[in-house]
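Counting begins at 1 with the first residue of the sequence.
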Amino acid sequence: MLLDLVKKSISVVIPIAEGDELWKELLPDLAVLDKDDEILIVSESSLDSELEQAAKQAELLCPVRWIYSLRGRAKQLNSGARAARSDFFWFLHCDSKMDRTAVRKLRESIERDSTCLYFFDLKFLNDGPWMMVLNRFGVWFRSRLLGLPFGDQAFCMHRDVFNHLGGFCEKAPYGEDHLLIWRAHQKGVKVRSVRAPLSTSARRYGVEGWLKTTALHLKLTARQAIPELMALLKRDRIS
């Protein structure tokens with residue numbers, strides 16, 4: 001896979017559900033983006049009338065566009081990628097929070113090696129059960145040691161890498177982010193941390209129950225991972 005000269009501009013793709021307002025709280029965290037970058041809010045709904053005002057209040061230097069997409073996170077992510085004008089795609093969840101160092105660390109990473117799929121180290125906000133400290137360790141183990149980050153860790157990659165992986169699987173009933181990472185391993189794309197934290201809400205664990213939510217995630221992950229692991233091992237045997 002050949003990549004052109006690295007360009008630093010980034011297209012931030014933020015899929016949102018109908019009626020979701022959290023993207024407005026995320027915009028101020030993205031005020032450190034350059035004027036050559038862009039933010040794409042991808043929704044199944046029509047243009048939010050507050051988009052222009054929200055961008056102004058966030059004091060953004062880069063443009064913000066509203067992209068319409070069919071329902072489904074994978075469809076939204078792929079629609080954002082197709083509409084993106086920059087060479088690097090950064091897929092962010094709308095409930096993510098970060099400090100000013102996140103973008104700097106991301107730029108350093110893509111300058112160093114533009115052939116990787118990058119992710120952030122995940123932290124949970126203090127709005128969930130105290131047991132979330134175990135989940136944070138589990139995320140670190142899964143992503144740093146096993147090389148299996150999830151979408152809430154804000155994947156970023158060059159458009160050539162994204163196209164090489166075939167984008168997010170729109171047929172999967174869940175775990176399109178998980179499947180993309182397995183495809184990266186199967187196709188020999190390096191998966192690397194930018195070594196910067198990114199926070200997300202843990203409120204759902206409190207509402208739905210920590211044990212129930214954690215157990216469900218583990219069950220769904222294992223169900224999807226086993227056939228992907230077998231495919232990876234089969235590829236290694238053949239090669």
Side-chain angles (χ1 to χ4, degrees), residues 1-17 20 22-24 26-27 29-48 51-52 54-55 58 60-96 98 102-111 113-120 149-170 172 176-177 179-181 183-184 187 189 191-192 194 198:
M1 177 173 48
L2 298 176
L3 297 177
D4 296 327
L5 183 65
V6 175
K7 298 177 181 177
K8 296 180 183 178
S9 63
I10 298 171
S11 291
V12 182
V13 178
I14 306 172
I16 63 170
D20 202 330
L22 287 174
W23 60 272
K24 297 174 184 174
L26 174 59
L27 291 187
D29 288 358
L30 300 173
V32 295
L33 291 170
D34 294 336
K35 60 181 177 57
D36 294 331
D37 300 320
E38 65 173 354
I39 299 171
L40 308 178
I41 310 294
V42 188
S43 173
E44 62 192 73
S45 306
S46 56
L47 175 65
D48 191 314
L51 177 66
E52 186 175 348
L60 297 174
L61 297 176
C62 66
V64 183
R65 291 192 284 147
W66 190 273
I67 306 296
Y68 173 77
S69 169
L70 296 175
R71 178 176 298 185
R73 184 179 292 272
K75 291 186 174 70
Q76 290 176 267
L77 293 167
N78 288 337
S79 294
R82 283 193 294 271
R85 296 167 179 164
S86 302
D87 283 338
F88 285 91
F89 305 157
W90 187 18
F91 300 97
L92 265 178
H93 286 194
C94 64
D95 61 350
S96 298
M98 71 198 78
V103 174
R104 177 174 58 80
K105 295 287 286 185
L106 179 59
R107 290 194 192 281
E108 290 174 357
S109 296
I110 61 180
E111 280 187 3
D113 189 345
S114 62
T115 66
C116 296
L117 187 159
Y118 289 101
F119 66 90
F120 286 76
F150 287 173
D152 53 6
Q153 293 177 257
F155 299 164
C156 181
M157 69 201 84
H158 193 281
R159 65 166 61 242
D160 287 352
V161 174
F162 182 81
N163 292 334
H164 182 59
L165 297 179
F168 292 93
C169 179
E170 298 183 1
E176 69 286 336
D177 50 344
L179 292 174
L180 186 78
I181 290 298
R183 200 170 305 142
K187 287 180 173 285
V189 173
V191 179
R192 296 284 184 270
V194 302
L198 180 144

Checklist entry - Ignoring hydrogens and geometry, is there a side-chain-to-backbone donor-acceptor pair from W66 to S45 under 3.5 Å? => result yes
Checklist outcome for this item: Heavy-atom closest pair (A154 atom, L92 atom, distance to 0.1 Å) is CB-CD2, 3.6 Å
Checklist outcome for this item: CZ of F91 to OG of S96, rounded to nearest 0.5 Å, is 13.5 Å
Item to check | Shortest non-hydrogen separation from C169 to L179 and the atoms involved | outcome: CB-CD1, 4.3 Å
Checklist entry - Could you give the distance from CZ (R82) to NZ (K75), rounded to the nearest 0.5 Å? => result 10.5 Å
Item to check | Heavy-atom pair of closest approach, residues I16 and Q76 | outcome: O-NE2, 2.9 Å
Next on the checklist: Could you tell me if the side chain of L180 sits less than 4.5 Å from the side chain of L117, heavy atoms only?
Outcome noted: yes
Next on the checklist: Go through it in stages, so that I can follow the logic: the residues are R107 and E111, the test is salt bridge (charged side-chain N to carboxylate O under 4.0 Å, His left out), and I'd like the CA-CA distance, side-chain angles, deciding distance and then a yes or no.
Outcome noted: CA-CA 6 Å; R107 290 194 192 281; E111 280 187 3; over 6 Å; no
Checklist entry - Counting only N and O atoms by type, is there a donor-acceptor contact under 3.5 Å from the side chain of R183 to the main-chain atoms of H164? => result no
Item to check | Side-chain heavy atoms of F120 within contact of P149, under 4.5 Å | outcome: no
Checklist entry - So, do V42 and I14 sit near enough that their side-chain heavy atoms are less than 4.5 Å apart? => result no
Checklist entry - Can you check whether M157's main-chain N or O pairs, donor with acceptor, with Y118's side chain at less than 3.5 Å? => result no
Checklist entry - How far does CH2 of W23 sit from SG of C94, to the nearest 0.5 angstrom? => result 10.5 Å
Checklist entry - side chain to side chain contact (heavy atoms under 4.5 Å, CB included) with C62: which residues, sequence neighbours excluded? => result L33, D37, I39
Next on the checklist: Could you go through I41 and V64, starting from their C-alpha distance and side-chain angles, then the distance that decides it, and tell me whether this counts as side-chain contact (heavy atoms from CB on, under 4.5 Å)?
Outcome noted: CA-CA 7 Å; I41 310 294; V64 183; 4.0 Å; yes
Checklist entry - Among L30, L106, V32, which one satisfies side chain to side chain contact (heavy atoms under 4.5 Å, CB included) with M98? => result L30
Checklist entry - So how far is it from Q153 CD to H93 NE2, rounded to the nearest 0.5 Å? => result 10.0 Å
Checklist entry - With distance as the sole test, does H158 use its side chain to make a donor-acceptor pair with the main-chain N or O of D160 at under 3.5 Å? => result yes
Item to check | Closest heavy-atom pair and its distance - S79, I67 | outcome: O-CG2, 4.4 Å
Checklist entry - Is a side-chain N or O of S114 found less than 3.5 angstrom from the main chain of I110, in a donor-acceptor match? => result no
Next on the checklist: I want to check something: taking the side chain as every heavy atom from C-beta on, are D177 and F155 in contact at a cut-off of under 4.5 Å?
Outcome noted: yes
Next on the checklist: Please check this pair: side chain of E176 against backbone of E170, looking for a donor-acceptor N/O pair closer than 3.5 Å.
Outcome noted: no
Item to check | Closest approach of K35 to P63 (non-hydrogen atoms, all atoms of both residues) | outcome: O-CD, 3.7 Å
Item to check | For the student: nearest non-hydrogen atoms of C116 and V189, plus distance | outcome: C-CG1, 4.5 Å
Checklist entry - Would you find a donor on one side and an acceptor on the other, under 3.5 Å apart, between the side chain of D36 and the backbone of S9? => result no
Item to check | Those residues that, when tested against E38, pass side-chain hydrogen bond (donor to acceptor under 3.5 Å, both in side chains) (two or more places apart) | outcome: S11, R65
Item to check | Output field: ring centroids F89/F162 closer than 6.0 Å | outcome: yes
Item to check | Contacts of type side chain to side chain contact (heavy atoms under 4.5 Å, CB included), residue K24, not counting sequence neighbours | outcome: E21, D48, E50, A54
